[in-house]
Amino acid sequence: MDQFKVMQIFKAVADCKSFTQAAEQLDLPKPTVTNAVQAIEQQLGVRLLQRTTRKVSLTVEGSLYLERCSALLNDLENINGLFAGDGRLLGGTVRVDLPERLAHLIVIPRLPEFLQRHPNIQVRLGSNDRFADLVGEGIDCAVRGGTLRDSTLVARHIASMEQINVASRAYLDRCGRPQTLDDLRHHTAVNFFSSQTGRDLDWEYVDADGVERTLSMRSQVSVSGTEALLASCVAGLGLIQAPRQGLAPLLESGQLEEVLPQWRPAPLPLNIVYSHNRHLSPRVRVFVDWLTGVLK
């Protein structure tokens with residue numbers, strides 16, 4: 001096994017903090033990954049990884065070796081990228097994590113154009129509404145909505161999505177159409193709970209002075225995914241707040257109606273994020289640039 005392949009394996013184990021996850025990420029047998037790391041440790045005469053039954057962590061020497069590995073691997077990819085011309089020769093895998101509805105409605109329908117432009121790049125796309133661990137799961141970049149609180153991530157702001165309050169016609173016919181914020185005391189919401197904290201997110205609105213405020217809503221159903229949120233709303237389970245983008249067909253058909261347009265939540269910031277510690281390879285850079293154009 002060549003030296004650069006061994007470096008790639010070591011870096012994957014260090015990033016994932018797991019031999020098993022690294023093997024899955026690289027699509028290699030676990031013994032191959034274990035043997036590669038053991039071989040490089042024997043060659044260098046130092047222990048690079050501290051292994052326990054629960055986790056893998058870097059030694060001091062391992063941290064120094066990882067830093068140099070990352071720089072060398074990034075330089076190699078950049079050198080190869082110099083000869084890619086229009087980019088068609090760029091190859092390898094881009095691992096990206098996207099919000100569910102954004103992936104299904106916007107990104108995946110446009111993905112063929114990226115793959116036609118870069119036929120040697122493979123895209124490994126996760127689509128859900130949890131906050132994935134970019135470094136631990138070996139993810140190159142992700143799209144996240146809302147205020148970024150993780151200081152270990154670099155964020156590129158790409159858009160702000162208008163949000164509205166909606167409910168199904170069936171729900172509004174049954175429970176009435178709220179005209180004021182005070183009317184919400186008599187209504188039910190489908191709440192969205194955080195995958196990180198498990199807490200229901202509050203109902204949001206911008207007041208007459210432009211100040212963002214929140215209030216708690218009564219709810220019988222809470223969900224953690226945007227597809228489930230919309231399905232619950234269509235089923236008549238309560239009011240929701242969601243980006244207008246993607247709701248147009250349901251609004252035009254009359255299945256959903258906007259309510260309280262004067263008390264909308266603030267626009268949702270949309271960012272592409274990646275780790276401070278992850279150098280963007282040429283293939284990831286062209287994907288991030290393409291994705292930015294799609295989502296603007």
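If you read the sequence from its start, that first residue is 1, and numbering goes on from there.
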- About how many Å separate CE of M161 and CD of Q245, when rounded to the nearest 0.5 Å? 4.0 Å
- Message: Would the distance check show the side chain of Q241 and the main-chain N or O of E204 forming a donor-acceptor pair, the cut-off being under 3.5 Å?
- Response: yes
- Query: Hey, which of L49, L64, L48 is the one that makes side-chain contact (heavy atoms from CB on, under 4.5 Å) with L58?
  - Reply: L49
- Message: Considering only residues two or more places apart or on different chains, which pairs with a residue in residues 91-100 satisfy side-chain hydrogen bond (donor to acceptor under 3.5 Å, both in side chains)?
- Response: none
- For P249 and G246 the tightest heavy-atom approach is CD-O, 4.0 Å
- Sub-3.5 Å donor-acceptor pair from the side chain of N128 to the main-chain atoms of G225, do we have one? no
- Minimum-distance pair of heavy atoms, taken over all atoms of V166 and C233: O-SG, 3.9 Å
- Query: Considering residues at least two apart in sequence or located in another chain, which fulfil the ring pair (Phe, Tyr, Trp, His ring centres under 6.0 Å) criterion with F287?
  - Reply: F114, W290
- Query: Would L229 and L102 show up in the same hydrophobic cluster when neighbours are defined by side-chain heavy atoms closer than 4.5 Å?
  - Reply: no
Show which side-chain atoms of residues 208-216 pair as donor or acceptor with protein atoms under 3.5 Å away, not counting sequence neighbours.
from: R213; atom 1: NE; to: D207; atom 2: OD2; distance (Å): 2.7
from: R213; atom 1: NH2; to: D207; atom 2: OD2; distance (Å): 3.3

- Item | Closest non-hydrogen atom pair between P265 and V206, with its separation | C-CG2, 4.1 Å
- Quick one: salt bridge (Lys or Arg N to Asp or Glu O under 4.0 Å) pairs with a partner in residues 175-186, sequence neighbours left out? D173-R177, R177-E257, D182-R185
- Look at the aromatic rings of H187 and Y171 and report parallel, tilted or perpendicular, splitting at 30° and 60°. tilted
- Query: Does the pair D289/R156 count as a salt bridge with the N-to-O cut at 4.0 Å?
  - Reply: yes
- What residues form a salt bridge (charged side-chain N to carboxylate O under 4.0 Å, His left out) with E24, not counting sequence neighbours? none
- Verify the neighbour count for atom CD of Q220: are there more than 12 heavy atoms of other residues, nucleotides or ligands below 6.0 Å? no
- Nearest heavy-atom pair of T226 and F192: which atoms, and what distance? N-CE1, 3.9 Å
- salt bridge (charged side-chain N to carboxylate O under 4.0 Å, His left out) involving E227 - partner list, sequence neighbours excluded: R101
- Query: With a 4.0 Å cut-off, would you call R244 and E258 a salt bridge?
  - Reply: yes
- Got a sec: does the CZ of R174 have more than 12 other heavy atoms crowding it under 6.0 Å? yes
